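Some notes on the structure that comes next.
Given the structure is predicted, the values throughout are model-derived calculations rather than measurements. Heads up: numbering here begins at 1 and tracks the sequence.
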Amino acid sequence: SSIKCSVYELHARPSHPIAPAWEAHLDSIDLKNLKAIPKEIDAIGHRIVHGGKKYQKSVRIDGSVKEAIKKFADIAPLHNKADLEGIETLEKLFPNKPQIAVFDTSFHATLPLSAAVYPGPYEWYEEGIQKYGFHGISFQYCTRRVQELYGQMGKILICHLGSGASLCAVKEGKSIDTTMGFTPLDGLMMDTRSGSIDPGILLYLLEKKKQTPESLSKVLNERSGLLGLSGLSADMRDILASEDPRAKLALEVYLHRLVSSIGSLTAVLGGLDALVFTAGIGENSPLVRKRVCESLNFLGIHLDPQANREVSAKDRDLSLSGSKTKVLLVHTQEAFEIARECWQTLTTC
């Protein structure tokens, strides 16, 4: 949905978040709009959405890594192709500078097989068809940030709600389940992506309506979700501001599926110490947070209305005193986490 570039000045691998020395949001990846990047660059980090089984930690990019990123574009078409384009563009702008691939799938390498394996033929798993999970850079940052601010928590459920959206069940600091799967199309309803749907629908459309795989991919990735149901916008702000019945329906479906998935992962965790909201919608929509927490009162989740309405750049506790489960807002800083990973990768190579 956007391209963000940040420059950090690091003298060690920082634990606490620091502000970037330079930052910009770009419309596209090309040499023209990257010329403003400061020239004193020692290393470049990239968020790579899909690393498959092959990459379970950040790596320095070479020809074989680029080939793997290209290969995984088959199952992450909205992301890996753009990631590769960014790498090749920056190779031209900063020749001979090390580039680091930081994978969104790496944080989920700890998924137990019971969560990762799909109930199809076992050959699927042998061929690499399994749940990988995504948004791992954000989940990794939020997990560390929660523990930094509030101490060790055994059971954390993180809601990364942005243009792409997913949940992660974190137990003792490790991902044990998540809503995205083999591809970033699975799980929650998103801005233009459908999330989980009955696979029989796809068979029906292929067989009876003569849809092609290409047309289905476009529908599921680009014309579903908030945009598909509302017919108005893929932006939650527009949905919340609209009185149109279809926009209202889109919101209700979004919330229903979100609450349902939170309940499922809470059961996997065996309880909940903290519910964390992060990313564009999670950080900036008091109404979404309010509606979700109201549906989860039975879990001992009680939101402080005043704290929830506050607009602040600070990470903070939104729960009422006495709430059995903490409700936390964390401003995810994926670029900072990528910078930390670059430092770690280069100093251990």
Side-chain angles (χ1 to χ4, degrees), residues 1-4 47 49-50 73 75-82 104 131-136 138-139 158-168 178-206 209 211-265 277-292 295 332 334:
S1 62
S2 61
I3 302 164
K4 182 179 179 182
R47 174 201 180 209
V49 165
H50 214 310
I75 46 181
L78 292 186
H79 302 90
N80 274 38
K81 289 178 183 177
D104 247 351
K131 177 182 282 192
Y132 289 105
F134 302 91
H135 292 136
S138 176
F139 292 136
I158 305 172
C159 307
H160 179 105
L161 307 178
S163 58
S166 70
L167 308 179
C168 184
T178 187
T179 52
M180 284 182 169
F182 178 60
T183 75
L185 184 57
D186 197 13
L188 301 176
M189 173 179 167
M190 300 173 234
D191 61 349
T192 65
R193 281 175 271 175
S194 65
S196 299
I197 60 171
D198 178 354
I201 296 172
L202 306 183
L203 296 176
Y204 171 80
L205 292 172
L206 286 167
K209 298 296 182 180
Q211 294 264 343
T212 64
E214 293 77 14
S215 65
L216 281 180
S217 176
K218 193 168 186 67
V219 168
L220 296 173
N221 280 293
E222 301 176 28
R223 290 163 41 200
S224 296
L226 292 174
L227 177 63
L229 284 185
S230 73
L232 171 72
S233 174
D235 193 316
M236 180 60 83
R237 291 168 294 189
D238 296 331
I239 301 299
L240 293 173
S242 176
E243 292 298 322
D244 186 277
R246 283 179 55 183
K248 291 182 178 297
L249 174 63
L251 175 63
E252 294 305 316
V253 174
Y254 182 95
L255 291 169
H256 173 82
R257 295 171 72 87
L258 174 55
V259 169
S260 175
S261 295
I262 290 173
S264 174
L265 291 194
F277 289 95
T278 194
I281 296 170
E283 294 172 24
N284 298 299
S285 178
L287 182 103
V288 168
R289 295 193 298 262
K290 174 176 178 288
R291 290 285 305 275
V292 167
S295 297
T332 192
E334 291 168 287

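- Taking OG of Ser217 as the reference point, atom CG of Leu185 lies at 7.5 Å (rounded to 0.5 Å).
- Across every non-hydrogen atom of Ile239 and Ala247, the tightest pair is CG2-O, 3.4 Å.
- Between Asp186 and Gly181, the closest heavy-atom pair is CB-N, 3.5 Å.
- Between Leu226 and Met189, the closest side-chain pair of non-hydrogen atoms falls below 4.5 Å.
- Under the 4.5 Å side-chain criterion, counting only non-hydrogen atoms from C-beta, Thr192 is not in contact with Asn221.
- You'll find the side chain of Thr178 reaches within 4.5 Å of the side chain of Lys131, heavy atoms only.
- Summarising the geometry, atom CE belonging to Met190 is positioned 7.0 Å from atom OG1 belonging to Thr179; distances are rounded to the nearest 0.5 Å.
- Using a 4.5 Å heavy-atom threshold, the side chains of Val219 and Ser194 count as separate.
- Nearest approach of Ile262 to Cys159, heavy atoms of both residues: CD1-SG, 4.0 Å.
- With hydrogens and angles disregarded, no donor-acceptor distance shorter than 3.5 Å links the side chain of Ser138 to the backbone of His135.
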Could you walk me through whether Ser166 and Phe139 pass side-chain contact (heavy atoms from CB on, under 4.5 Å), step by step?
CA-CA 10 Å; Ser166 70; Phe139 292 136; 3.3 Å; yes
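- No side-chain heavy atom of Met180 sits under 4.5 Å from any side-chain heavy atom of His160.
- The OG1 atom of Thr278 sits 9.5 Å away from atom CG of Asn284, with the distance rounded to the nearest 0.5 Å.
- Here the CG atom belonging to Leu220 is positioned 5.0 Å from the CD1 atom belonging to Ile197, to the nearest 0.5 angstrom.
- Rounding to the nearest 0.5 Å places OG of Ser163 at 11.5 Å from CE of Met236.
- The two atoms that bring Ala234 and Asp191 nearest to each other are O-CB, 3.2 Å, heavy atoms only.
- Taking each heavy atom of Ala250 and Leu229 in turn, the nearest pair found is CB-CB, 3.9 Å.
- Side chains of Arg291 and His256 form no contact here, defined as non-hydrogen atoms less than 4.5 Å apart.
- Although no hydrogens or angles enter the test, the distance criterion places no donor-acceptor pair under 3.5 Å between the side chain of Ser224 and the main chain of Arg193.
- Ring orientation note: the planes of His50 and Phe134 are nearly perpendicular, at an angle over 60° on the 30°/60° scale.
- Looking at Arg237 and Asp235, a side-chain N of the basic residue comes within less than 4.0 Å of a carboxylate O on the acidic one, giving a salt bridge.
- Of all heavy-atom pairs between Gly162 and Ile281, the closest is O-CD1, 3.8 Å.
- Of the inter-residue distances, the one linking Tyr204 atom OH with Asp198 atom CG reads 12.5 Å to the nearest 0.5 angstrom.
- Using a 4.5 Å heavy-atom threshold, the side chains of Leu161 and Leu258 count as touching.
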